[in-house]
Amino acid sequence: MEYIQVSAPATIGNIGPGFDVLGLAIRHWGDRLEARKTDQGVSIAAVNSTVGGSELSKDPDKNTAGIAAKQTLKLLGIDQGVELVLHKGLPMGSGLGSSAASAVAAAFAVNELYDRPLTKEELILPATLAEEKVSGGFFADNTAPALLGGATLTRSCMPLDVTRIGCIENLIVILVTPDIVVLTREARELLPKTVPMEDFIFNMANTSLITAAFSKNDYSLFARSLNDVVVEPVRSKLIAGFDEVKKNALKAGADGMAISGSGPTVFAITDTPKRARFIEDAMVRTFALHGIRSMSLITEVDPEGARVIETQ
Ligand code: HSE
């Protein structure tokens, strides 16, 4: 094989209370990447985008795709190289794991091109090292679900220990991305340094129950557990209109709403297809009342994660 085209999905980091440990892959939005074998080194021939990512660097040391490709080649111990063409389907700074999707697509493509010596689980490390360069933190709650699909849980970063938890088949996710930029690095700097014991217990209980819900394919348990009293109260201040959007999403029938990753994307949940459009409409309109345009999507869990589209 000389050429491969792959895709990696958007992801919802944290899934509410599971800060830096829970992550979820979702369908329909994501990055695509073409990779071709070369004699040596990593180069990025083009970065194409319909969502405002074309200003992304083609310098392989500054783009997570390039960094992940280099890390993967190093891990494989291969003296050959790769040329990449990145098709961004995710805006940067949206809270949908955009930099992780590019990193995952590159790590996955390089491994496939060179006969797949590593498992998807083993590719989490090179992809997460790439993500670390741009986010300022080492966390796998975007890279792991983008690779493995479904929901994942990170027990430890050093050494990296990640478990795929599962899927909730009837979960419908309504994503709304307001036209605001929130940089993960900045959203992490805002976090409290200490947490009251009762808030710690509350978030721990809800995170554990979300894990159980994805293991048991139990929508109702998930809906009851989508609560975060530690990070959401701080980060929601970066998202104009957040409280009202949440209130109106719940009024329109959503069973919960939370920030996706570090924001500004928010996601609401339902298991009733008929309600999804009403919820989406209520959220988009509420942002519009605050003078903010937004992009929205009704979607579901992506159970597969990174995948091959074409080979030559
Ligand atoms: N867990 C990370 C954070 C995800 O919330 O900062 C970033 O998308």
Nearest non-hydrogen partners of Met257 and Leu226, listed with the distance: N-CD2, 4.0 Å
Closest non-hydrogen atom pair, Gln71 against Pro126: CB-CB, 3.6 Å
Side chains of Asp228 and Asn203, donor plus acceptor under 3.5 Å: yes
Side-chain donor-acceptor pair present, Thr177, Thr265, cut-off under 3.5 Å: yes
Within-4.5 Å side-chain heavy-atom neighbours: Leu171 and Phe214: yes
Over all atoms of both residues, closest heavy-atom pair of Gly16 and Ala258: CA-CB, 4.1 Å
For Asp199, all residues meeting salt bridge (Lys or Arg N to Asp or Glu O under 4.0 Å), sequence neighbours excluded: none
From Asn48, Val47, Ile44, Thr64, residue fulfilling side chain to side chain contact (heavy atoms under 4.5 Å, CB included) relative to Leu56: Val47
Pair Thr184-Arg188, side-chain donor/acceptor within less than 3.5 Å: no
Val104: which of Leu123, Thr11, Asp31, Thr143 passes side chain to side chain contact (heavy atoms under 4.5 Å, CB included): Thr143
Pair Arg285 + Asp281, salt bridge at N-O below 4.0 Å: yes
Check: Thr119 side chain, Glu122 main-chain N or O, donor-acceptor pair, under 3.5 Å: yes
Pair Tyr114-Leu73, side chain to side chain contact (heavy atoms under 4.5 Å, CB included): steps then yes or no: CA-CA 9 Å; Tyr114 287 103; Leu73 283 169; 3.9 Å; yes
Exercise: identify the closest heavy-atom pair between Pro178 and Val176: CD-O, 3.4 Å
Pair Ser57-Asn63, side-chain donor/acceptor within less than 3.5 Å: no
Result of checking Val230, Val229, Val231 against Val195 for side chain to side chain contact (heavy atoms under 4.5 Å, CB included): Val230
Minimal non-hydrogen separation, Leu190 against Val234, with atom names: O-CG1, 3.5 Å
Shortest non-hydrogen separation from Val82 to Val110 and the atoms involved: CG1-CG2, 4.1 Å
Side-chain donor-acceptor pair present, Glu83, Thr38, cut-off under 3.5 Å: no
Lys NZ or Arg CZ of Lys120 over Phe108 ring: under 6.0 Å, within 45°: yes
